[in-house]
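Input: a single structure, listed below in structure tokens.
Heavy-atom basis, side chains included; hydrogens, waters and symmetry copies ignored. These numbers were taken from a predicted model, which means no experiment stands behind them.
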Amino acid sequence: MGSLESLLESRCQDFSAARLEQVFNRCFYTGWNTRLYGGADEPLYRPASSSDNCHALHYRHDFFASALHEVAHWCIAGEERRQQLDFGYWYAPEGRSAEQQRAFEAVECKPQALEWFFSRACGYRFRLSADNLNMDTQEMHDSSAFQLGVLAQAKRWQVDGLPQRAQLFYRALCVEFGTTDPADQLCFDLADLQ
């Protein structure tokens, strides 16, 4: 029993979000003046308010997947977006209508595809997130278009290459977590998103 407990404890430490903070901060603090922080009730990106402080990317509590997801958003955001609170994105809270959900999914294909790459680099299971647990159950939502969009984006980045900051973070995660697959050789399958 003792060895099982130590194995589980070791596995939990493997996927400590604090580890992601260290990797992110090593990659992006000096060149991009940005730090990753956990412990937030809700994710938030806050641009630096002066040249004396840094941009802050906050993820929920100590959730590993939340940290990966917020980093994905940051890696995609261009210079102009990185100067805006929460990258200037709109956000409708849980309980979105079917139309609002489709709009949400349309903008989430890229960050979720990138999160999938990051998860693979860590050896962590990726779970597609509709981020709408309170959606009206009378409206059955078909997420197949969202799944196909995320899959298509992942495959597109395999051919075209990851964005610059995403590639840097992907490689740093591979080193940190001891994975070796180049991004263009990963296997992405629709079944993994269901």
Donor-acceptor pairs under 3.5 Å, side chain of residues 184-194 to any protein atom, not counting sequence neighbours: which ones?
{"from": "D189", "atom 1": "OD1", "to": "A191", "atom 2": "N", "distance (Å)": "2.8"}
{"from": "D192", "atom 1": "OD2", "to": "R120", "atom 2": "NH2", "distance (Å)": "3.0"}

Considering residues at least two apart in sequence or located in another chain, which fulfil the side chain to side chain contact (heavy atoms under 4.5 Å, CB included) criterion with R81? A77, F87, Y89
Which atoms form the tightest heavy-atom contact between A40 and H58, and what is the distance? CB-CB, 3.9 Å
Check for a donor-acceptor pair, side chain of H55 on one end and backbone N or O of A48 on the other, with a separation under 3.5 Å. yes
Selection residues 151-161 - residue pairs positive for salt bridge (Lys or Arg N to Asp or Glu O under 4.0 Å), sequence neighbours left out: none
Looking at every heavy atom in both F15 and G123, which two are closest together, and how far apart are they? CZ-O, 3.3 Å
CA sep, side-chain torsions, deciding dist, call: Q112, S129, side chain to side chain contact (heavy atoms under 4.5 Å, CB included): CA-CA 8 Å; Q112 293 214 20; S129 174; 3.9 Å; yes
Measure the SG-CG distance between C109 and L148 for me, rounded to the nearest 0.5 Å. 9.5 Å
Let me check something: any side-chain donor-acceptor pairs from residues 59-72 under 3.5 Å, sequence neighbours excluded? List them with distances.
{"from": "Y59", "atom 1": "OH", "to": "E21", "atom 2": "OE2", "distance (Å)": "2.5"}
{"from": "R60", "atom 1": "NE", "to": "D41", "atom 2": "O", "distance (Å)": "3.0"}
{"from": "S66", "atom 1": "OG", "to": "R60", "atom 2": "N", "distance (Å)": "2.9"}
{"from": "H69", "atom 1": "ND1", "to": "E115", "atom 2": "OE1", "distance (Å)": "2.8"}
{"from": "H69", "atom 1": "NE2", "to": "H73", "atom 2": "NE2", "distance (Å)": "3.1"}
{"from": "H69", "atom 1": "NE2", "to": "E108", "atom 2": "OE1", "distance (Å)": "3.1"}

Run the side chain to side chain contact (heavy atoms under 4.5 Å, CB included) test against A145 and tell me which residues pass, sequence neighbours left out. none
Please list all pairs passing the side chain to side chain donor-acceptor pair (under 3.5 Å) test where one or both residues lie in residues 27-37, with sequence neighbours left out. none
Set of side-chain hydrogen bond (donor to acceptor under 3.5 Å, both in side chains) partners for S144, sequence neighbours left out: D142
Can you find a pair of side-chain heavy atoms, one from L173 and one from F117, that are under 4.5 Å apart? no
Quick check: do L36 and V23 have side-chain heavy atoms less than 4.5 Å from each other? no
So if you build clusters from Ile, Leu, Val, Met, Phe, Trp, Tyr with side-chain heavy-atom gaps below 4.5 Å, do I76 and L44 land together? no
Could you list the residues that satisfy side-chain hydrogen bond (donor to acceptor under 3.5 Å, both in side chains) with R82, not counting sequence neighbours? E79
For residues 167-177, which residue pairs qualify under salt bridge (Lys or Arg N to Asp or Glu O under 4.0 Å), counting only residues two or more places apart or in two chains? R19-E176, R26-E176
For S16 and A18, indicate whether the former's side chain and the latter's backbone hold a donor-acceptor pair under 3.5 Å. yes
Got W74 and F28 here, is their nearest side-chain heavy-atom distance under 4.5 Å? yes
What residues, two or more places apart in sequence or in another chain, satisfy side-chain hydrogen bond (donor to acceptor under 3.5 Å, both in side chains) together with S50? none
Give me the ring orientation class for F126 and W116: parallel if the planes are under 30° apart, tilted from 30 to 60°, perpendicular past 60°. parallel
Name all residues meeting the salt bridge (Lys or Arg N to Asp or Glu O under 4.0 Å) criterion together with E80; count only those two or more places apart in sequence or in a different chain, and write none if there are none. none
Just by distance, do the side chain of Q167 and the backbone of G161 share a donor-acceptor pair under 3.5 Å? no
Within the 4.5 Å heavy-atom criterion, are L20 and C122 side-chain neighbours or not? yes
One should read off an interatomic distance between S143 OG and R102 CZ, to the nearest 0.5 angstrom, of 12.5 Å
Verdict with reasoning, K110 to W157, per side chain to side chain contact (heavy atoms under 4.5 Å, CB included): CA-CA 10 Å; K110 283 186 175 183; W157 273 327; 3.9 Å; yes
Got a second to check how far C27's SG is from Y170's OH, nearest 0.5 Å? 14.0 Å
With sequence neighbours left out, write down each residue that passes side chain to side chain contact (heavy atoms under 4.5 Å, CB included) with A166, or none if nothing qualifies. C75, L114, F118, L162, P163
